[in-house]
Amino acid sequence: MGALRGARITARGWSWRHAGRLRPAVSDLDLDIRPGERVLLLGASGAGKSTLLAGLAGVLGGDEEGDSTGELLVDGVHPADTRGRVGLVLQDPDSQVVLARVGDDVAFGCENLGVPRDEIWRRVSAALEATGLDLPLDHSTSELSGGQKQRLALAGALAMQPGLLLLDEPTANLDPAGVVEVRDAVARVQAETGATLVVVEHRVGVWLPVVDRVIVLAAGGGVLADGDPETVLSAEGVRLSEAGVWVPGVGTPIPARSVFAGPSILALEGVSVGRRRGSAVASGIRAEVDAGRALAITGPNGAGKSTLALTIAGLLPPVAGDIVARETLSAGAGVSPVKWRSRELLTRIGTVFQEPEHQFLAATVRAELAVGPRALKLPQAEIDQRVDELLTRLRLDRLAGANPFTLSGGEKRRLSVATVLATRPKILVLDEPTFGQDARTWRELVALLAELLDTGSAVVAVTHDAEFVDVLADDVLTLGGVTPRLDARLSASRAEGVLS
């Protein structure tokens, strides 16, 4: 990848308000980013980080989707007029998968830019190698894990060789080794091309070694802090932490919880899991889900974690072995969750998918939270009470009338968790529950799950978040080895009551 002049970013009083929303997602933004700068863009969940990236990529909708004021320019022109100059990797990699095969998907952007055929496939190979996606070019994109789809989206952006590379939480669903690999790949490509880099990430420490500037958006509009990383984080560390920014070295209080020794309510007996019958991605799994305890499922991308979660939740049949619900959970519905009707699942096992949008059904946040309780035919007063309580607890009350699909990534994740909590299931199955959360909403979400455990419910969480495992997990099931490993534990950090 040869040298390429980086793009310049200019914002003057720029604001964007989504249609139907009273408050702008971004307001009164003044910004100058020089060509070739490497910027880490921070801010609380809902501060407008993803909206700014979408604006810079020229993909914000027209007048029917929102109102724009002020000026936002890339190389002195409107972003929509900079075809091929900007590469964007979205928060949800699923939304960027276009074609059925890995190689074709990476080549798609280059083809649209009219890059010569031989050059396209040279770039495709280089981009796949850079992102560590070691798969055949004809591998099906529908068979990729969430983390692999993130690598695929990044490879597609890198292959275009943009002058401005915009990354929205590009490592959120990657295993620890993958995080470092992808970060280093981005840094290497940026150094080779001279592209301007703007990366949104909540976990600051990952990107500090490769950026030269930190910009923090204020939740109420404008910029909260701006400067070289060391100066900003040392001078503003406490204030930024209070605003929701993950600041290295600033401790995060964690919730106290009782160590509730409840009975087993679900058993995994020699289970093999896969998306297709006869094809297993993980085998020989034995574990118990106990009332009042949290089971974390960890392991590298592609190990079958999300597939196992869906199988535990009764949404996929096991390829082999049995998942057996104890009487305290099944209560006459039968021992096999996959055979339960949807209404029988509602109060027994609730599922939060890796992609929040996959479970949204209603036009407003309030209506979304009422879907489950209404399916249970609860009295309206009880529905309203549950909805109001969750809106307040998860900081969604100001968004009650908003369309769920217009929320930020972190807000969508909290809403997806809340929709399941509204039916008060005995087991809560979550896939990457802390994805997109700032430090403040992370604490609140963890505290809510801790309270749920103390009531005797069980939590099963697929996660790459080591802090989440440290704070909440009683048992850890690790996939990806020859034999799945189950460890019972009580973390030292939970006993100490603070996470650094």
Side-chain angles (χ1 to χ4, degrees), residues 9 11-18 21-33 39-57 59-60 66-70 72 88-92 166-172 198-208 211 213-227 229 232-233 236-247 250 252 356 365 394-400 402-415 434-445:
I9 296 171
R12 294 289 179 268
W14 185 70
S15 301
W16 172 267
R17 182 180 63 82
H18 292 288
R21 300 278 282 273
L22 295 176
R23 300 180 184 179
V26 180
S27 63
D28 302 320
L29 184 65
D30 291 304
L31 204 57
D32 286 290
I33 297 177
V39 176
L40 178 59
L41 184 64
L42 304 175
S45 175
K49 304 181 296 297
S50 297
T51 301
L52 175 57
L53 293 198
L56 290 170
V59 296
L60 284 179
D67 300 319
S68 177
T69 57
L72 183 67
L88 170 66
V89 177
L90 298 171
Q91 217 169 33
D92 174 18
L166 307 172
L167 307 179
D168 198 349
E169 301 208 46
T171 63
V198 180
V199 57
V200 169
E201 185 64 78
H202 281 296
R203 299 306 177 107
V204 176
V206 171
W207 290 93
L208 284 182
V211 299
R213 182 177 175 186
V214 166
I215 298 173
V216 185
L217 297 186
V223 174
L224 182 63
D226 184 3
V232 168
L233 295 177
E236 303 283 351
V238 174
R239 184 165 73 109
L240 295 180
S241 179
E242 291 172 349
V245 175
W246 288 96
V247 179
V250 177
T252 299
V365 167
L394 290 174
R395 294 183 181 269
L396 296 169
D397 44 345
R398 66 180 180 83
L399 299 168
N403 186 314
F405 291 94
T406 67
L407 305 185
S408 74
E411 291 163 348
K412 287 177 182 175
R413 169 52 74 214
R414 296 202 301 283
L415 176 59
T434 55
F435 165 67
Q437 299 310 305
D438 63 42
R440 181 174 55 186
T441 58
W442 185 94
R443 291 191 296 265
E444 292 166 352
L445 185 57

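Atom CH2 of residue W16 and atom OG of residue S27 lie 14.0 Å apart, to the nearest 0.5 angstrom. If you take CH2 on W246 and CG on D438, they are separated by 8.5 Å, rounding to the nearest 0.5 Å. The CG atom of L394 lies 9.0 Å from the OG1 atom of T441; values are rounded to the nearest 0.5 Å. The distance from atom CZ of R395 to atom CZ of R440, rounded to the nearest 0.5 Å, is 4.0 Å. Between D226 atom CG and L31 atom CG the span is 6.5 Å, to the nearest 0.5 Å. Here the CZ-CG distance, from R17 to L22, works out to 7.5 Å after rounding to the nearest 0.5 Å.
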Validation: residues 47-55 side-chain donor-acceptor distances under 3.5 Å, sequence neighbours left out:
| from | atom 1 | to | atom 2 | distance (Å) |
| --- | --- | --- | --- | --- |
| K49 | NZ | G43 | O | 3.1 |
| K49 | NZ | A44 | O | 3.0 |
| S50 | OG | D168 | OD1 | 3.4 |
| S50 | OG | D168 | OD2 | 2.6 |

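Closest non-hydrogen pair, V247 versus S241, comes out as CG2-N, 4.0 Å. L167 and P170 get closest at one heavy-atom pair: CB-CG, 3.7 Å.
Proximity of L41 to L217: side-chain heavy atoms (C-beta onward) are separated by under 4.5 Å at one or more points. At least one side-chain heavy atom of R213 sits under 4.5 Å from a side-chain heavy atom of I33. Counting heavy atoms from C-beta on, the side chains of V232 and L240 come closer than 4.5 Å. Two residues are said to be in side-chain contact when any heavy atoms from C-beta on lie closer than 4.5 Å; L224 and R239 meet this criterion. Taking the side chain as every heavy atom from C-beta outward, R23 and R398 approach each other to under 4.5 Å.
Between the D30 side chain and the G13 main chain, a donor and an acceptor come within less than 3.5 Å of each other.
A side-chain donor-acceptor contact under 3.5 Å links R21 and T406. With no hydrogens or angles considered, a side-chain donor-acceptor pair links E411 and S408 at under 3.5 Å.
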Show your working on side-chain hydrogen bond (donor to acceptor under 3.5 Å, both in side chains) between S45 and R413 and close with a plain yes or no. CA-CA 10 Å; S45 175; R413 169 52 74 214; over 6 Å; no

Full working for side chain to side chain contact (heavy atoms under 4.5 Å, CB included) between Q437 and R414: CA-CA 8 Å; Q437 299 310 305; R414 296 202 301 283; 3.2 Å; yes

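Remark: L40 engages L42, V199, E201, V204, W207, L208, V211, V214 in a side chain to side chain contact (heavy atoms under 4.5 Å, CB included) (not counting sequence neighbours). Taking the side chain to side chain contact (heavy atoms under 4.5 Å, CB included) definition, one finds that D32 meets it with T10, R12, sequence neighbours left out.
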